[in-house]
S.K.: 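Here it is, the structure in full.
Computation of the quantities below employed the complete heavy-atom set of this structure, encompassing side-chain atoms and omitting hydrogens, waters and symmetry-equivalent molecules. When a ligand or atom number is given, it counts from 1 through the structure's own listing order. All figures in this text were calculated on a predicted structure; none of them were measured in a lab.
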Amino acid sequence: MRIIGIETSCDETGIAIYDDEKGLLSHQLYSQVDLHVDYGGVVPELASRDHVKKTIPLIKAALADANLTSKDIDGVAYTAGPGLVGALMVGASIGRSLAYAWDIPAVPVHHMEGHLLAPMLEDTPPPFPFIALLVSGGHTMLVEVKGIGEYAILGESIDDAAGEAFDKTAKLMGLDYPGGPILSRLAEKGNPGRFKFPRPMTDRPGLDMSFSGLKTFTANTIAANDNDEQTRADIAYAFQEAVCDTLVIKCKRALKQTGMKRIVIAGGVSANKQLRKSLEELANKIGGEVYYPRTEFCTDNGAMIAYAGMQRLKNDEVADLSIQVRPRWPIDELEPIKG
Ligand code: KG4
Ligand code: ZN
(Lines give C-alpha, C1' and ligand atoms only; values in the text may rest on other atoms or scores of the structure.)
(Ligands and ions follow the chains in the order given, each with its own letter.)
Protein backbone atom coordinates (compact mmCIF):
# COMPACT_ATOMS: atom_id res chain seq x y z
CA MET A 1 0.00 0.00 0.00
CA ARG A 2 1.27 3.48 -0.92
CA ILE A 3 0.26 6.83 0.48
CA ILE A 4 1.16 10.39 -0.44
CA GLY A 5 1.66 12.84 2.44
CA ILE A 6 1.06 16.59 2.22
CA GLU A 7 2.44 18.98 4.85
CA THR A 8 1.45 22.66 4.69
CA SER A 9 0.84 23.65 8.33
CA CYS A 10 3.38 26.48 8.49
CA ASP A 11 6.19 27.68 6.24
CA GLU A 12 7.31 24.48 4.53
CA THR A 13 5.57 22.63 1.72
CA GLY A 14 6.48 18.97 2.19
CA ILE A 15 5.36 16.08 0.01
CA ALA A 16 6.34 12.42 0.34
CA ILE A 17 5.33 8.98 -0.85
CA TYR A 18 5.51 6.13 1.67
CA ASP A 19 5.11 2.44 0.89
CA ASP A 20 4.25 0.18 3.82
CA GLU A 21 6.61 -2.51 2.52
CA LYS A 22 9.40 -0.55 0.83
CA GLY A 23 9.44 2.53 3.07
CA LEU A 24 9.94 6.05 1.82
CA LEU A 25 9.90 6.28 -2.00
CA SER A 26 10.31 10.03 -2.43
CA HIS A 27 10.22 13.21 -0.43
CA GLN A 28 10.18 16.79 -1.63
CA LEU A 29 10.48 19.96 0.38
CA TYR A 30 10.11 23.62 -0.39
CA SER A 31 11.04 26.01 2.40
CA GLN A 32 9.53 29.50 2.41
CA VAL A 33 12.42 31.05 4.37
CA ASP A 34 13.26 33.53 1.60
CA LEU A 35 9.64 34.65 1.46
CA HIS A 36 9.40 35.53 5.16
CA VAL A 37 12.95 36.64 5.96
CA ASP A 38 12.30 40.36 5.35
CA TYR A 39 9.42 40.27 7.86
CA GLY A 40 11.43 38.52 10.59
CA GLY A 41 8.83 35.75 10.93
CA VAL A 42 6.12 33.80 9.13
CA VAL A 43 3.42 35.94 7.47
CA PRO A 44 0.41 33.57 7.44
CA GLU A 45 -1.27 35.01 4.34
CA LEU A 46 1.95 34.79 2.31
CA ALA A 47 2.51 31.25 3.59
CA SER A 48 -0.94 30.12 2.40
CA ARG A 49 -0.53 31.70 -1.03
CA ASP A 50 2.84 30.06 -1.51
CA HIS A 51 1.52 26.62 -0.50
CA VAL A 52 -1.14 27.07 -3.24
CA LYS A 53 1.65 27.56 -5.77
CA LYS A 54 3.99 24.82 -4.62
CA THR A 55 1.85 21.86 -3.53
CA ILE A 56 0.76 20.45 -6.92
CA PRO A 57 4.19 20.85 -8.60
CA LEU A 58 5.81 19.08 -5.63
CA ILE A 59 3.25 16.25 -5.79
CA LYS A 60 4.08 15.84 -9.48
CA ALA A 61 7.80 15.89 -8.67
CA ALA A 62 7.37 13.24 -5.95
CA LEU A 63 5.42 10.93 -8.28
CA ALA A 64 8.02 11.38 -11.04
CA ASP A 65 10.89 10.84 -8.60
CA ALA A 66 9.33 7.58 -7.37
CA ASN A 67 8.55 6.54 -10.96
CA LEU A 68 4.85 6.30 -10.15
CA THR A 69 1.57 7.72 -11.41
CA SER A 70 -1.53 8.65 -9.45
CA LYS A 71 -2.89 5.14 -10.16
CA ASP A 72 -0.20 3.68 -7.92
CA ILE A 73 -1.37 5.69 -4.87
CA ASP A 74 -3.82 4.18 -2.36
CA GLY A 75 -4.44 7.14 -0.06
CA VAL A 76 -3.79 10.86 0.41
CA ALA A 77 -2.71 12.06 3.88
CA TYR A 78 -2.63 15.75 4.73
CA THR A 79 -1.85 17.72 7.87
CA ALA A 80 -5.23 18.77 9.28
CA GLY A 81 -3.83 20.54 12.37
CA PRO A 82 -2.51 22.04 14.51
CA GLY A 83 -1.06 24.95 12.54
CA LEU A 84 -1.93 28.13 10.65
CA VAL A 85 -5.53 27.85 9.53
CA GLY A 86 -5.07 29.20 5.99
CA ALA A 87 -1.94 27.15 5.40
CA LEU A 88 -3.69 24.00 6.66
CA MET A 89 -6.68 24.71 4.41
CA VAL A 90 -4.44 24.63 1.35
CA GLY A 91 -3.07 21.14 2.05
CA ALA A 92 -6.45 19.85 3.20
CA SER A 93 -8.29 21.21 0.13
CA ILE A 94 -5.74 19.87 -2.32
CA GLY A 95 -5.40 16.55 -0.48
CA ARG A 96 -9.12 16.00 -0.11
CA SER A 97 -9.78 16.96 -3.75
CA LEU A 98 -7.04 14.73 -5.15
CA ALA A 99 -8.36 11.80 -3.12
CA TYR A 100 -11.83 12.46 -4.55
CA ALA A 101 -10.52 12.73 -8.10
CA TRP A 102 -8.38 9.60 -7.73
CA ASP A 103 -11.20 7.75 -5.91
CA ILE A 104 -9.06 6.82 -2.91
CA PRO A 105 -9.35 7.62 0.83
CA ALA A 106 -8.27 10.97 2.31
CA VAL A 107 -6.56 10.80 5.71
CA PRO A 108 -6.30 13.82 8.07
CA VAL A 109 -3.06 13.77 10.08
CA HIS A 110 -2.11 15.44 13.37
CA HIS A 111 1.07 17.44 12.75
CA MET A 112 2.59 16.67 16.17
CA GLU A 113 1.85 12.95 15.79
CA GLY A 114 3.76 13.26 12.52
CA HIS A 115 6.76 14.70 14.41
CA LEU A 116 6.42 12.10 17.17
CA LEU A 117 6.49 9.21 14.69
CA ALA A 118 9.24 10.67 12.44
CA PRO A 119 11.98 8.55 14.13
CA MET A 120 10.06 5.47 12.89
CA LEU A 121 11.42 6.27 9.42
CA GLU A 122 14.98 5.55 10.58
CA ASP A 123 16.81 2.19 10.35
CA THR A 124 16.56 1.66 14.10
CA PRO A 125 13.13 2.92 15.12
CA PRO A 126 12.37 3.31 18.83
CA PRO A 127 10.35 0.46 20.34
CA PHE A 128 7.29 1.38 22.44
CA PRO A 129 6.85 2.53 25.15
CA PHE A 130 8.88 5.74 25.45
CA ILE A 131 8.83 9.32 26.59
CA ALA A 132 8.60 11.80 23.70
CA LEU A 133 9.98 15.29 24.04
CA LEU A 134 8.25 17.23 21.28
CA VAL A 135 10.00 20.53 20.67
CA SER A 136 8.84 22.58 17.71
CA GLY A 137 8.13 26.21 16.91
CA GLY A 138 4.54 25.94 18.10
CA HIS A 139 4.63 23.26 20.82
CA THR A 140 6.82 21.95 23.60
CA MET A 141 5.57 18.92 25.48
CA LEU A 142 6.53 15.73 27.21
CA VAL A 143 4.34 12.82 26.20
CA GLU A 144 4.16 9.30 27.60
CA VAL A 145 3.80 7.11 24.52
CA LYS A 146 2.57 3.53 24.97
CA GLY A 147 1.75 2.96 21.31
CA ILE A 148 0.51 4.82 18.26
CA GLY A 149 -2.31 7.08 19.46
CA GLU A 150 -1.74 6.19 23.12
CA TYR A 151 -0.50 9.55 24.28
CA ALA A 152 -0.61 11.06 27.76
CA ILE A 153 0.69 14.62 28.05
CA LEU A 154 2.91 14.78 31.14
CA GLY A 155 3.86 18.42 30.85
CA GLU A 156 4.05 21.30 28.41
CA SER A 157 5.21 24.86 28.06
CA ILE A 158 2.84 27.29 29.71
CA ASP A 159 4.01 30.10 27.40
CA ASP A 160 6.50 30.09 24.49
CA ALA A 161 7.45 26.84 22.80
CA ALA A 162 11.18 26.04 22.84
CA GLY A 163 11.55 26.82 19.11
CA GLU A 164 9.58 30.03 19.56
CA ALA A 165 11.94 31.03 22.38
CA PHE A 166 14.92 30.37 20.10
CA ASP A 167 13.33 32.42 17.31
CA LYS A 168 12.28 35.37 19.50
CA THR A 169 15.63 35.49 21.28
CA ALA A 170 17.46 35.35 17.95
CA LYS A 171 15.35 38.28 16.75
CA LEU A 172 16.30 40.23 19.90
CA MET A 173 19.92 39.56 19.06
CA GLY A 174 19.41 40.91 15.55
CA LEU A 175 19.68 37.50 13.86
CA ASP A 176 17.63 36.59 10.78
CA TYR A 177 14.56 34.36 10.70
CA PRO A 178 14.41 31.42 11.30
CA GLY A 179 16.46 32.23 14.35
CA GLY A 180 16.79 28.79 15.98
CA PRO A 181 19.44 27.24 13.75
CA ILE A 182 21.27 30.59 13.31
CA LEU A 183 21.43 31.21 17.06
CA SER A 184 22.67 27.68 17.64
CA ARG A 185 25.48 28.16 15.08
CA LEU A 186 26.48 31.40 16.83
CA ALA A 187 26.44 29.54 20.18
CA GLU A 188 29.12 27.15 18.85
CA LYS A 189 31.58 30.06 19.03
CA GLY A 190 30.52 30.99 22.56
CA ASN A 191 32.58 30.61 25.72
CA PRO A 192 30.98 28.42 28.37
CA GLY A 193 30.61 29.97 31.82
CA ARG A 194 30.75 33.67 30.98
CA PHE A 195 26.99 34.12 31.44
CA LYS A 196 24.62 32.00 33.49
CA PHE A 197 20.94 32.07 32.54
CA PRO A 198 18.10 30.74 34.74
CA ARG A 199 16.59 27.25 34.24
CA PRO A 200 12.91 28.24 34.45
CA MET A 201 10.53 26.16 36.57
CA THR A 202 13.14 23.59 37.56
CA ASP A 203 13.16 24.65 41.22
CA ARG A 204 9.68 23.27 41.80
CA PRO A 205 8.18 19.85 41.09
CA GLY A 206 6.26 19.11 37.91
CA LEU A 207 6.85 18.73 34.21
CA ASP A 208 5.46 21.98 32.85
CA MET A 209 7.93 24.41 31.32
CA SER A 210 8.22 28.13 30.66
CA PHE A 211 10.56 29.79 28.20
CA SER A 212 9.26 33.31 27.75
CA GLY A 213 11.26 34.72 30.70
CA LEU A 214 14.53 33.79 28.97
CA LYS A 215 13.83 36.44 26.33
CA THR A 216 13.75 39.18 28.95
CA PHE A 217 16.86 37.76 30.57
CA THR A 218 18.59 37.85 27.18
CA ALA A 219 17.43 41.43 26.51
CA ASN A 220 18.78 42.56 29.90
CA THR A 221 22.08 40.75 29.34
CA ILE A 222 22.48 42.36 25.92
CA ALA A 223 21.76 45.82 27.38
CA ALA A 224 24.29 45.37 30.19
CA ASN A 225 27.20 44.28 27.97
CA ASP A 226 29.24 45.34 24.94
CA ASN A 227 27.77 44.30 21.61
CA ASP A 228 30.90 42.66 20.15
CA GLU A 229 30.79 39.36 18.23
CA GLN A 230 32.28 37.29 21.08
CA THR A 231 29.80 38.66 23.64
CA ARG A 232 26.92 37.85 21.31
CA ALA A 233 28.23 34.31 20.87
CA ASP A 234 28.64 33.97 24.65
CA ILE A 235 25.05 35.11 25.20
CA ALA A 236 23.80 32.69 22.52
CA TYR A 237 25.74 29.91 24.26
CA ALA A 238 24.24 30.71 27.67
CA PHE A 239 20.71 30.92 26.25
CA GLN A 240 21.00 27.60 24.41
CA GLU A 241 22.57 25.94 27.44
CA ALA A 242 19.68 27.15 29.64
CA VAL A 243 17.02 25.82 27.25
CA CYS A 244 18.79 22.46 26.80
CA ASP A 245 19.47 22.05 30.53
CA THR A 246 15.86 22.82 31.38
CA LEU A 247 14.60 20.30 28.83
CA VAL A 248 17.02 17.65 30.12
CA ILE A 249 15.98 18.22 33.74
CA LYS A 250 12.31 17.80 32.75
CA CYS A 251 13.07 14.68 30.68
CA LYS A 252 14.95 13.15 33.60
CA ARG A 253 11.93 13.77 35.83
CA ALA A 254 9.53 12.32 33.27
CA LEU A 255 11.66 9.16 32.97
CA LYS A 256 11.81 8.79 36.74
CA GLN A 257 8.07 9.40 37.16
CA THR A 258 7.15 6.75 34.58
CA GLY A 259 9.97 4.31 35.29
CA MET A 260 11.03 4.47 31.63
CA LYS A 261 14.53 4.68 30.16
CA ARG A 262 13.80 5.41 26.52
CA ILE A 263 13.43 8.92 25.16
CA VAL A 264 12.46 10.20 21.72
CA ILE A 265 13.04 13.81 20.68
CA ALA A 266 11.29 15.24 17.66
CA GLY A 267 10.20 18.55 16.16
CA GLY A 268 12.41 21.36 14.82
CA VAL A 269 14.48 21.85 17.98
CA SER A 270 15.46 18.15 18.01
CA ALA A 271 17.88 19.18 15.23
CA ASN A 272 19.80 21.12 17.89
CA LYS A 273 23.18 19.45 18.41
CA GLN A 274 23.56 20.61 22.01
CA LEU A 275 20.15 19.21 22.95
CA ARG A 276 20.97 15.85 21.36
CA LYS A 277 24.32 15.76 23.14
CA SER A 278 22.85 16.67 26.53
CA LEU A 279 20.13 14.03 26.25
CA GLU A 280 22.66 11.42 25.17
CA GLU A 281 24.71 12.23 28.26
CA LEU A 282 21.60 11.79 30.40
CA ALA A 283 20.83 8.45 28.73
CA ASN A 284 24.41 7.24 29.25
CA LYS A 285 24.20 8.10 32.93
CA ILE A 286 20.97 6.18 33.53
CA GLY A 287 21.58 3.33 31.09
CA GLY A 288 18.86 4.57 28.76
CA GLU A 289 18.51 5.30 25.05
CA VAL A 290 17.77 8.40 22.94
CA TYR A 291 16.17 8.35 19.48
CA TYR A 292 15.66 11.20 17.06
CA PRO A 293 14.90 11.64 13.36
CA ARG A 294 17.60 12.44 10.78
CA THR A 295 18.11 16.22 10.73
CA GLU A 296 15.94 16.89 7.66
CA PHE A 297 13.00 15.11 9.31
CA CYS A 298 13.28 17.07 12.58
CA THR A 299 11.75 20.17 11.00
CA ASP A 300 8.51 20.06 9.02
CA ASN A 301 8.39 17.57 6.16
CA GLY A 302 6.01 15.41 4.15
CA ALA A 303 7.62 12.09 5.09
CA MET A 304 6.37 12.17 8.68
CA ILE A 305 2.86 13.01 7.45
CA ALA A 306 2.90 10.15 4.94
CA TYR A 307 4.13 7.73 7.66
CA ALA A 308 1.57 8.85 10.26
CA GLY A 309 -1.10 8.88 7.54
CA MET A 310 -0.31 5.25 6.66
CA GLN A 311 -0.90 4.21 10.29
CA ARG A 312 -4.19 6.12 10.39
CA LEU A 313 -5.29 4.76 7.00
CA LYS A 314 -4.71 1.21 8.22
CA ASN A 315 -6.86 2.15 11.23
CA ASP A 316 -9.65 3.19 8.80
CA GLU A 317 -9.51 6.83 9.87
CA VAL A 318 -10.61 8.45 6.65
CA ALA A 319 -12.20 11.84 6.07
CA ASP A 320 -15.68 12.39 4.67
CA LEU A 321 -16.13 14.78 1.75
CA SER A 322 -16.11 17.93 3.88
CA ILE A 323 -12.78 19.74 4.11
CA GLN A 324 -11.96 20.31 7.77
CA VAL A 325 -8.89 21.49 9.66
CA ARG A 326 -8.18 21.97 13.36
CA PRO A 327 -5.75 24.85 14.03
CA ARG A 328 -5.82 23.75 17.69
CA TRP A 329 -5.91 20.01 18.26
CA PRO A 330 -4.64 18.42 21.50
CA ILE A 331 -2.55 15.33 20.71
CA ASP A 332 -4.17 13.30 23.52
CA GLU A 333 -7.51 13.41 21.65
CA LEU A 334 -6.14 10.98 19.05
CA GLU A 335 -7.44 7.41 19.00
CA PRO A 336 -5.19 4.44 19.73
CA ILE A 337 -4.48 2.25 16.73
CA LYS A 338 -6.51 -0.97 16.91
CA GLY A 339 -4.89 -4.39 17.01
O1 KG4 B 1 8.86 21.45 13.80
P2 KG4 B 1 9.17 22.72 13.11
O3 KG4 B 1 9.83 22.66 11.75
O4 KG4 B 1 7.88 23.56 12.89
C5 KG4 B 1 6.82 23.59 13.81
O6 KG4 B 1 6.05 22.60 13.85
O7 KG4 B 1 6.76 24.61 14.52
O8 KG4 B 1 10.05 23.57 14.11
C9 KG4 B 1 10.56 24.80 13.74
C10 KG4 B 1 11.29 25.37 14.93
C11 KG4 B 1 11.69 26.82 14.74
O12 KG4 B 1 11.34 27.54 15.89
C13 KG4 B 1 13.20 26.73 14.55
O14 KG4 B 1 13.89 27.87 14.96
C15 KG4 B 1 13.53 25.54 15.43
O16 KG4 B 1 12.49 24.63 15.19
N17 KG4 B 1 14.84 24.95 15.08
C18 KG4 B 1 15.91 24.96 15.91
C19 KG4 B 1 16.96 24.32 15.21
N20 KG4 B 1 16.48 23.93 13.98
C21 KG4 B 1 15.18 24.33 13.94
N22 KG4 B 1 16.07 25.44 17.14
C23 KG4 B 1 17.28 25.29 17.71
N24 KG4 B 1 18.33 24.71 17.11
C25 KG4 B 1 18.23 24.22 15.87
N26 KG4 B 1 19.27 23.62 15.28
ZN1 ZN C 1 6.34 21.06 12.95
S.K.: Restricting to N/O/S atoms, is His139 within less than 2.8 Å of the Zn ion (ligand 2) or not?
M.R.: no

S.K.: Between Asp11, Asn301, Thr295, Asp300, flag the one that comes closest to atom 2 (P) of ligand 1 by a heavy atom.
M.R.: Asp300

S.K.: So, is the end of the Arg276 side chain (NZ or CZ) under 6.0 Å from the ring centre of Tyr292 and within 45° of the ring's axis?
M.R.: yes

S.K.: Does Gly138 reach ligand 1, in the sense of a heavy atom lying below 4.0 Å from it?
M.R.: yes

S.K.: Atom 20 (N) of ligand 1: which protein heavy atom is closest, and how many Å away?
M.R.: Gly268 O, 3.4 Å

S.K.: Under 4.0 angstrom from ligand 1, any heavy atom of His111?
M.R.: yes

S.K.: So which of the N, O or S atoms of Asp300 lies nearest the Zn ion (ligand 2)?
M.R.: OD1

S.K.: Between Lys285 and Glu281 (salt bridge meaning N to carboxylate O under 4.0 Å), is one present in this structure?
M.R.: no

S.K.: How far is atom 9 (C) of ligand 1 from its nearest protein heavy atom, and which residue and atom is that?
M.R.: Gly137 N, 3.8 Å

S.K.: Is it true that Asp20 and Lys314 make a salt bridge, defined as a side-chain N closer than 4.0 Å to a carboxylate O?
M.R.: yes

S.K.: For atom 11 (C) of ligand 1, what is the nearest protein heavy atom, given as residue, atom name and distance?
M.R.: Asp167 OD2, 3.4 Å

S.K.: Any atoms of ligand 1 less than 4.0 Å from a non-hydrogen atom of Ser184? List them with their elements.
M.R.: 24 (N), 26 (N)

S.K.: Any N or O on Gly180 sitting closer than 3.5 Å to an N or O of ligand 1?
M.R.: yes

S.K.: Going by the order shown, which atoms of ligand 1 are within less than 4.0 Å of some heavy atom of Gly163?
M.R.: 12 (O)

S.K.: Looking at Lys277 and Glu280, is any side-chain nitrogen of the basic one under 4.0 Å from a carboxylate oxygen of the acidic one?
M.R.: no

S.K.: Does any N, O or S atom of Cys10, backbone or side chain, fall under 2.8 Å from the Zn ion (ligand 2)?
M.R.: no

S.K.: Using modelled atom types and a 3.5 Å cut-off, is there a donor and acceptor pairing between side-chain atoms of Glu144 and backbone atoms of Ile131?
M.R.: no

S.K.: For the residue pair Phe166 and Phe239, is the inter-centroid distance of their aromatic rings smaller than 6.0 Å?
M.R.: yes

S.K.: Could you tell me how the ring of His111 sits relative to the ring of His115: parallel (under 30°), tilted (30 to 60°) or perpendicular (over 60°)?
M.R.: perpendicular

S.K.: Could you tell me whether Gly267 and ligand 1 have an N or O pair separated by under 3.5 Å?
M.R.: no

S.K.: Is ligand 1 under 4.0 Å from a heavy atom in the side chain of His115, in the backbone, in both, or in neither?
M.R.: side chain

S.K.: Looking at Glu241 and Lys196, is any side-chain nitrogen of the basic one under 4.0 Å from a carboxylate oxygen of the acidic one?
M.R.: no

S.K.: Just to confirm my output: which protein heavy-atom neighbour is closest to atom 23 (C) of ligand 1, and how far is it?
M.R.: Asn272 ND2, 3.5 Å

S.K.: Should you measure from each heavy atom of Thr299, which atoms of ligand 1 turn up under 4.0 Å away?
M.R.: 3 (O), 21 (C)

S.K.: Inspect the contact between Glu289 and Lys261 and indicate whether a charged nitrogen and a carboxylate oxygen are less than 4.0 angstrom apart.
M.R.: no

S.K.: Between His27 and Tyr18 (judged by ring centroids, cut-off 6.0 Å), do the two rings come close enough to count as a pair?
M.R.: no

S.K.: Kindly confirm or rule out an N or O of Phe166 lying under 3.5 angstrom from an N or O of ligand 1.
M.R.: no

S.K.: Give, for atom CG of Leu275 and atom SG of Cys298, the distance between the pair rounded to the nearest 0.5 Å.
M.R.: 9.5 Å

